[in-house]
Every structure is written in structure tokens, then in C-alpha cells.
Amino acid sequence: MKLEIKNADCGYAAATIVKNVSMDVETGDIMCLLGPNGVGKTTLFKTILGFLKLQNGQILLNGQNINKWTKKRLARIMAYVPQAHTPPFPFCVLDVVVLGRTAHLGMFSSPSKKDIEIAEKVMESLQISYLNNKAYTEISGGERQLVLIARALTQRPELLIMDEPTSNLDFGNQVRVLEEIKKLSQKGLGVLMTTHSPDHAFLCSNKVALMQRSSIIVGSPNEVVTEQNLKDAYGINVTITCTCKRNGEKVKSCVPMLN
């Protein structure tokens with residue numbers, strides 16, 4: 001699988017929010033999309049997913065322009081994981097996950113036994129089978145985020161697009177979700193995710209795109225997540241430090257310098 005975004009302009013009607021963006025995500029990649037509020041990260045996601053019409057440039061999947069693809073065809077390759085949310089009705093968790101099979105069903109079809117088995121196997125792989133019969137509204141934020149990931153995986157996509165997957169989670173659940181994302185990439189999925197934490201780029205990604213008001217920088221975490229680039233993007237002073245793990249491996253992290 002390869003997603004290619006070439007010289008893309010994205011926006012609403014006559015207003016262009018994102019200009020001349022180019023990047024690619026391949027099988028096994030985790031790309032972190034960083035940038036301050038309002039630079040167009042969500043607009044770019046909506047365009048990739050087909051909710052907004054591309055204003056200029058190309059978006060290719062496996063070399064094919066997706067401009068005229070149906071949403072159902074897109075959903076068979078790409079799955080979207082939104083920020084954790086609470087629905088208005090207390091659906092059973094398994095029912096929420098089975099909804100991921102919608103892209104493979106006919107207009108008036110109901111999920112088959114096979115569809116339910118696929119959902120159950122995905123939940124088992126994420127170690128959340130114990131949630132099967134619980135109400136989605138009554139589980140924790142971390143569990144809810146894993147359920148949304150399970151729903152997306154039940155589509156059997158090749159690419160996961162994730163909007164701040166650790167948003168509103170406590171520290172422990174943030175780490176658990178990042179661990180699951182890393183495991184998914186190791187199984188062959190491509191992942192494109194937004195985050196407000198530059199540290200996530202060092203923890204789990206191999207590619208980073210840092211969006212600013214008038215430009216975008218794409219490369220490896222070490223190339224993109226630098227003190228100067230973060231200052232330019234966010235307008236704050238940041239120090240990047242290194243911590244040694246027990247096995248001797250070094251992990252970088254970003255420390256903001258308060259005035």
C-alpha cells in the first residue's frame with residue numbers, strides 16, 4: 001500500500017487552507033502530522049477521506065488517483081479513527097466494532113456470522129474481548145479509544161488515518177494506545193496520525209510532517225523535530241533532550257522552556 005499526496009491544495013469553496021502539500025505513507029510507516037491549531041491538519045484529513053474535494057494536485061492510492069473513487073471503495077482501503085467520543089446511545093461494544101464491516105455490506109444487508117467473527121478476532125488481537133457485552137458509554141477513555149481502533153481494523157484496511165488518537169487520555173492510556181499503533185505498523189499497516197505532542201514522533205513514528213501557516217517540512221523525526229523547527233511552528237522555546245533506556249537505546253523528548 002502506498003498513499004501519495006502530491007502538491008495538494010485543500011480547503012472549503014473559495015478558501016484554500018492547505019497549500020502545496022506533498023508526502024507519502026507506505027506499508028509499515030507511521031507518519032506523525034504535527035502543527036499548531038488552524039494550519040489545516042483536519043482539512044487535509046477530510047480531503048484524503050473524500051469528505052472535501054481536492055482543489056489542486058493529486059492524491060494517489062497504489063498509484064491510482066482517488067479523485068473519482070466512491071466512499072465505499074475508499075473505505076475498503078482506508079479506515080478513520082476519530083478522537084474518542086461518547087455516542088448518545090449505550091450501544092454494546094461488539095456492535096460498535098461490527099459497524100466497521102459496513103464498507104463490505106450491501107445497502108440493505110445485515111452483518112453475517114463471518115462479519116461478527118472478524119470483529120471478535122480483532123478485539124481478541126487488541127486484548128479487549130472482555131468488553132464485548134459492555135455498554136460503550138460505560139467504559140473508560142482508553143478502552144473507548146481501543147474500541148474505535150478495533151472498529152477501524154474490522155474494515156480490514158491497508159491504511160489507518162487517526163485524528164489525535166491519544167487525545168483526552170491519561171498518561172498510561174496514551175502509552176498503551178501508542179504501543180498498539182506501533183504493533184499495527186509492524187503487522188503491515190500504514191498509519192497517518194495527528195498529534196499535539198512532538199514526543200510521539202520520537203516514540204513511534206518513522207516519518208514526520210510538520211505543518212506551518214505557509215509551509216510543510218517532511219522527513220524523519222530527527223530531521224523534522226528540531227528545536228528551531230518547533231520554535232518556528234509553535235512560537236515557543238523548546239529543548240530536546242536524550243534519555244537512555246535500560247538497553248542503552250537513546251530516546252529523545254521535547255521540553256518546553258517557560259518564560
Side-chain angles (χ1 to χ4, degrees), residues 1 27-30 45 48-51 71-195 197 200 203-205:
M1 184 285 307
T27 298
D29 282 342
I30 299 177
F45 269 18
I48 295 170
L49 292 163
F51 300 133
K71 288 182 174 59
K72 189 167 186 176
R73 185 180 179 188
L74 282 172
R76 290 181 175 176
I77 294 183
M78 296 191 295
Y80 176 57
V81 181
Q83 294 181 33
H85 71 292
T86 302
F89 303 106
F91 294 110
C92 168
V93 165
L94 180 58
D95 290 340
V96 173
V97 177
V98 171
L99 287 173
R101 297 301 297 162
T102 302
H104 301 273
L105 300 177
M107 186 175 295
F108 300 106
S109 300
S110 297
S112 66
K113 182 179 179 181
K114 181 182 178 182
D115 293 317
I116 294 171
E117 288 176 352
I118 290 171
E120 289 175 336
K121 286 181 180 179
V122 169
M123 293 183 69
E124 184 179 346
S125 69
L126 293 175
Q127 299 180 19
I128 57 171
S129 296
Y130 67 94
L131 296 174
N132 273 15
N133 298 313
K134 290 190 176 182
Y136 181 68
T137 51
E138 296 176 3
I139 61 178
S140 72
E143 290 171 332
R144 202 173 293 151
Q145 194 63 35
L146 288 172
V147 170
L148 292 176
I149 294 172
R151 184 181 67 179
L153 293 178
T154 300
Q155 288 180 223
R156 291 194 167 173
E158 298 178 50
L159 173 69
L160 274 182
I161 296 181
M162 313 180 82
D163 189 6
E164 296 181 41
T166 61
S167 175
N168 301 317
L169 300 183
D170 64 43
F171 185 65
N173 280 321
Q174 285 186 37
V175 174
R176 292 182 188 99
V177 168
L178 290 176
E179 287 175 338
E180 290 301 331
I181 291 170
K182 197 166 185 177
K183 288 177 185 176
L184 292 173
S185 74
Q186 291 168 349
K187 292 178 180 178
L189 279 172
V191 178
L192 173 60
M193 58 179 272
T194 60
T195 177
S197 174
H200 293 172
L203 285 170
C204 69
S205 73

If you look at every heavy atom in [X] and [Y], which pair is closest and at what distance?
{"X": "P165", "Y": "M193", "answer": "CG-CE, 3.9 Å"}
{"X": "L203", "Y": "K182", "answer": "O-NZ, 3.6 Å"}
{"X": "H200", "Y": "T195", "answer": "ND1-OG1, 2.7 Å"}
{"X": "L192", "Y": "L159", "answer": "N-CD1, 4.4 Å"}
{"X": "L148", "Y": "P82", "answer": "CD1-O, 3.8 Å"}
{"X": "A152", "Y": "P157", "answer": "O-CD, 3.4 Å"}

Problem set entry | Qualifying salt bridge (Lys or Arg N to Asp or Glu O under 4.0 Å) pairs, either residue in residues 139-165, two or more places apart |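 Matches after skipping sequence neighbours: none remain.
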For this session: Using side-chain contact (heavy atoms from CB on, under 4.5 Å) as the criterion, list what pairs up with L74, not counting sequence neighbours.
Result: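 Scan of L74 (side-chain contact (heavy atoms from CB on, under 4.5 Å), adjacent residues dropped) gives L61, I66, W69, M78.
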Rounded to the nearest 0.5 Å, what separation is found between the [atom1] atom of [X] and the [atom2] atom of [Y]?
{"X": "L184", "Y": "S125", "atom1": "CG", "atom2": "OG", "answer": "7.5 Å"}
{"X": "L153", "Y": "L126", "atom1": "CG", "atom2": "CG", "answer": "6.0 Å"}
{"X": "T137", "Y": "F91", "atom1": "OG1", "atom2": "CZ", "answer": "10.0 Å"}
{"X": "I30", "Y": "C204", "atom1": "CD1", "atom2": "SG", "answer": "4.5 Å"}
{"X": "L131", "Y": "S140", "atom1": "CG", "atom2": "OG", "answer": "8.0 Å"}

For residues 110-124, dump all side-chain donor-acceptor pairs below 3.5 Å to protein atoms at least two apart in sequence or in another chain.
unit_1: S112; atom_1: OG; unit_2: K114; atom_2: N; d: 3.3
unit_1: S112; atom_1: OG; unit_2: D115; atom_2: N; d: 3.3
unit_1: S112; atom_1: OG; unit_2: D115; atom_2: OD2; d: 3.1
unit_1: D115; atom_1: OD1; unit_2: R101; atom_2: NE; d: 2.9
unit_1: D115; atom_1: OD2; unit_2: S112; atom_2: N; d: 2.9

Exercise. Around F171, counting heavy atoms of other residues, nucleotides and ligands shown, do more than 12 lie under 6.0 Å from its CZ?
Worked result: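 Result for CZ/F171: open.
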Exercise. Between V97 and Y136, is any pair of side-chain heavy atoms under 4.5 Å apart?
Worked result: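 Side chain of V97 against side chain of Y136, heavy atoms only: no contact under 4.5 Å found.
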Problem set entry | Test item: V93 and I128 side chains (from C-beta on) under 4.5 Å apart, heavy atoms |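 V93 vs I128: side chains apart.
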Exercise. Given the rule in the side chain to side chain contact (heavy atoms under 4.5 Å, CB included) test, do M162 and I149 qualify, once you have shown the distances and angles that lead to the verdict?
Worked result: CA-CA 9 Å; M162 313 180 82; I149 294 172; 3.8 Å; yes
Exercise. With sequence neighbours left out, what residues match E180 under salt bridge (Lys or Arg N to Asp or Glu O under 4.0 Å)?
Worked result: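 Salt bridge (Lys or Arg N to Asp or Glu O under 4.0 Å) list for E180, sorted by chain: K183.
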For this session: State which residues pass side chain to side chain donor-acceptor pair (under 3.5 Å) with R76; sequence neighbours excluded, sorted by chain then number.
Result: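 Scan of R76 (side chain to side chain donor-acceptor pair (under 3.5 Å), adjacent residues dropped) gives none.
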Problem set entry | Residues in side chain to side chain donor-acceptor pair (under 3.5 Å) contact with D170, at least two apart in sequence or another chain |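 Here the qualifying residues are N173.
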Exercise. Counting only N and O atoms by type, is there a donor-acceptor contact under 3.5 Å from the side chain of Q155 to the main-chain atoms of A103?
Worked result: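 Here the side-chain-to-backbone pair does not exist.
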For this session: Would you confirm whether T27, through its side chain, and M1, through its main-chain N or O, come within 3.5 Å as a donor-acceptor pair?
Result: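 Checking the backbone N and O of M1 against the side chain of T27, a donor-acceptor pair under 3.5 Å is found.
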